Amino acid sequence: MSILASIATGLSAREHETGNLEAKLTLVEYGDFECPRCAQAEPLTRHLLDTYGDRLRFVFRHFPDSAAHPHAELAAEAAEAAAAQGKFWPMHAKLFRLPQHLEQDALTRYAEELELDTLRFVGDMRDHVYVQRVREHHAAGVRLGLRGTPSFFLNDTPVDVSFGLEKLEQAVRAALGEQ
């Protein structure tokens, strides 16, 4: 059974996905742009895509912890505003490279650096156009029982990275029969 059919909330056609979109192996991350562990995981997910990209689909979903990370939801909205202009993944990378700088002025500067339509971006952010989508991702994670980030699922199976991110690559290798 595919992850599309089995994760309680399902994944929609509007997911942020990269890699081989037809791959039999799907890695889903619920992440928070202000979370230090998520920032540490980002180079690993990039490595996994570089190494196994033809056999792996990667999906990123928002799970901001606003209580611990006061700028996380705003950063997720910025990623969505960038996605609306076709630049989710470049914004994703930038936000994880600079997780200590996620206030509105910095987010606008990132939009300029990514050559987004800045007026549109600022308007989308001011009007919180994408807050509902961010909250839908978060609610889906809550329904799955998630308590923190990063949280990963590999073809329906949660991958516990609480004792080290190397568990993620081990899970991918095992799923591909490479261990």
Side-chain angles (χ1 to χ4, degrees), residues 3 7 11 15-20 23 25-83 87-107 109-111 113-114 130 133-135 137-142 144-176 178-179:
I3 197 164
I7 285 190
L11 299 175
E15 297 300 335
H16 303 297
E17 54 190 1
T18 189
N20 179 357
L25 192 60
T26 298
L27 177 64
V28 177
E29 176 184 4
Y30 278 84
D32 173 330
F33 290 113
E34 201 169 2
C35 167
R37 293 207 63 237
C38 292
Q40 291 172 346
E42 196 275 336
L44 176 59
T45 57
R46 224 175 331 112
H47 161 74
L48 293 173
L49 283 164
D50 290 345
T51 305
Y52 307 105
D54 59 331
R55 297 178 284 165
L56 180 68
R57 176 176 92 150
F58 176 62
V59 177
F60 183 85
R61 302 196 95 206
H62 304 290
F63 198 73
D65 179 357
S66 298
H69 305 128
H71 301 104
E73 187 172 85
L74 191 65
E77 288 182 63
E80 290 298 323
K87 299 266 181 121
F88 175 82
W89 292 108
M91 182 64 86
H92 172 274
K94 189 168 284 288
L95 294 171
F96 275 133
R97 274 195 306 275
L98 301 162
Q100 67 279 19
H101 301 290
L102 300 177
E103 56 285 326
Q104 182 61 56
D105 289 344
L107 298 173
R109 190 170 53 256
Y110 304 156
E113 291 169 6
L114 294 174
Y130 300 102
R133 179 173 173 135
V134 170
R135 290 180 180 168
H137 280 194
H138 188 272
V142 168
L144 290 169
L146 304 183
R147 294 189 181 145
T149 56
S151 291
F152 292 96
F153 291 86
L154 186 61
N155 279 7
D156 307 332
T157 304
V159 179
D160 183 1
V161 295
S162 58
F163 295 106
L165 290 169
E166 67 277 355
K167 300 291 184 195
L168 189 57
E169 185 163 14
Q170 290 170 0
V172 169
R173 291 174 57 87
L176 294 171
E178 294 185 3
Q179 267 193 329

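The model shown is predicted, which means the values in this text are computed figures rather than measured ones.
In this model, no donor atom of one side chain and acceptor atom of the other lie less than 3.5 Å apart for Glu73 and His62.
Summarising the geometry, atom CG belonging to Leu154 is positioned 4.5 Å from atom CG belonging to Leu25; distances are rounded to the nearest 0.5 Å. Here the CG-CG distance, from Leu168 to Asp160, works out to 11.0 Å after rounding to the nearest 0.5 Å. Atom NZ of Lys167 and atom CD of Gln170 lie 5.0 Å apart (nearest 0.5 Å). Summarising the geometry, atom OG belonging to Ser162 is positioned 7.0 Å from atom CZ belonging to Arg37; distances are rounded to the nearest 0.5 Å. The distance from the CG atom of Leu27 to the CG atom of Leu49 is 8.0 Å, given to the nearest 0.5 Å.
Looking at Gln40 and Pro99, their side chains never come closer than 4.5 Å, going by heavy atoms from C-beta outward. Side-chain contact between Pro70 and Glu34 is present, with at least one heavy-atom pair separated by less than 4.5 Å. Residues Asp65 and Thr149 form no side-chain contact, since every pair of their non-hydrogen atoms from C-beta on lies 4.5 Å or further apart. Using a 4.5 Å cut-off on side-chain heavy atoms (C-beta onward), Cys38 and Glu29 make contact.
Applying the ring pair (Phe, Tyr, Trp, His ring centres under 6.0 Å) rule to Tyr52 yields no partners; only residues at least two apart in sequence or on another chain are considered. With sequence neighbours left out, Arg46 forms a side-chain hydrogen bond (donor to acceptor under 3.5 Å, both in side chains) with Glu42. Residues satisfying the ring pair (Phe, Tyr, Trp, His ring centres under 6.0 Å) criterion with His92, sequence neighbours excluded, are Phe33, Phe60, Phe88, Trp89, Phe96. Residues satisfying the ring pair (Phe, Tyr, Trp, His ring centres under 6.0 Å) criterion with Phe152, sequence neighbours excluded, are absent altogether. Shown here are the ring pair (Phe, Tyr, Trp, His ring centres under 6.0 Å) partners of His138, two or more places apart in sequence or in another chain: Phe63.
Side chain of Glu178 to main chain of Arg173: no donor-acceptor pair is present (N/O by atom type, distance under 3.5 Å, no hydrogens or angles). Side-chain atoms of Asp32 never come within 3.5 Å of backbone atoms of Ala72 as a donor-acceptor pair (strictly under, hydrogens ignored).
When every heavy atom of Ala41 is checked against every heavy atom of Pro150, the shortest pair comes out as CB-CG, 4.2 Å. For the residue pair Met91 and Ala79, the shortest heavy atom distance occurs at CG-CA, 3.9 Å. The heavy-atom pair separating Leu102 from Ala75 by the smallest distance is CD1-CB, 4.0 Å. Contact between Val172 and Leu48 at its shortest, heavy atoms only, is CG2-CD1, 4.2 Å.
Pairs of residues two or more places apart, or lying in two chains, that qualify as side-chain hydrogen bond (donor to acceptor under 3.5 Å, both in side chains) and include a residue from residues 94-105 are Lys94-Glu113, Gln104-Thr108.
Remark: Glu15 does not engage Arg57 in a salt bridge, criterion side-chain N to carboxylate O under 4.0 Å.
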